[in-house]
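The model shown is predicted, which means the values in this text are computed figures rather than measured ones. Counting begins at 1 with the first residue of the sequence.
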Amino acid sequence: MNSGRHPTRQLMLLGVAQAVLFIAGALLGRWLGLALGLDAFGPGGYTNNAIFGILLIGLGGGGGAQLARAWYTRKYGSPRS
């Protein structure tokens, strides 16, 4: 790589991978929450079940984005170098 910088195409790939896996992870968190009876968007307002459902969606989305970053780092090296 030239002067330690990643090409724009590779960085775009990182961004797309993070976006896709963020959505996939958030959906998995939502489905897991529904399977456990934790409806984040239920009609009851901010109950404990809704809060834990929101937490699962956030953890799933964040986990997906981190998975994409780990894949990129393993394949191309750290984008911060």
Side-chain angles (χ1 to χ4, degrees):
M1 291 179 225
N2 300 338
S3 70
R5 298 188 69 193
H6 290 246
T8 304
R9 184 176 180 143
Q10 283 181 354
L11 294 174
M12 180 64 88
L13 179 64
L14 171 61
V16 169
Q18 282 184 314
V20 168
L21 288 178
F22 176 84
I23 297 296
L27 286 174
L28 285 174
R30 168 83 169 133
W31 294 331
L32 179 62
L34 288 175
L36 296 173
L38 306 172
D39 189 3
F41 304 113
Y46 287 113
T47 63
N48 286 338
N49 285 346
I51 296 295
F52 284 114
I54 293 168
L55 179 68
L56 283 175
I57 293 171
L59 288 173
Q66 290 301 313
L67 184 65
R69 191 163 198 55
W71 164 80
Y72 181 90
T73 301
R74 198 169 31 254
K75 185 167 176 133
Y76 299 110
S78 175
R80 295 180 185 245
S81 61

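Of the listed residues (L56, L38, L27), just one forms a side chain to side chain contact (heavy atoms under 4.5 Å, CB included) with L32, and that residue is L56.
The line from CD of Q66 to CD of Q18 is 7.5 Å long, rounded to the nearest 0.5 Å. The OG1 atom of T73 sits 9.5 Å away from atom CZ of R80, with the distance rounded to the nearest 0.5 Å. From L21, atom CG reaches atom CG of L28 across 10.0 Å, with rounding to the nearest 0.5 Å.
When all heavy atoms of G45 and A50 are compared, the closest pair comes out as O-CB, 3.4 Å. Closest non-hydrogen pair, A40 versus G53, comes out as CB-C, 3.7 Å.
F41 and F52 are assigned to two separate hydrophobic clusters, defined by single-linkage of ILVMFWY side chains at heavy-atom distances under 4.5 Å. Under the 4.5 Å side-chain heavy-atom criterion for Ile, Leu, Val, Met, Phe, Trp and Tyr, L14 and L67 are members of distinct hydrophobic clusters.
Using the six-membered ring where Trp is involved, Y76 and W71 have ring planes that are perpendicular, over 60° apart on the 30 and 60° scheme.
Contact annotation: the side chain of L55 never approaches that of I51 to less than 4.5 Å [non-hydrogen atoms, C-beta and beyond]. In this structure, L11 and Y72 have side chains that are in contact, with non-hydrogen atoms separated by less than 4.5 Å. Counting only heavy atoms from C-beta outward, the side chains of D39 and N49 never approach each other to under 4.5 Å. Using a 4.5 Å heavy-atom cutoff, the side chains of P7 and M12 are not in contact.
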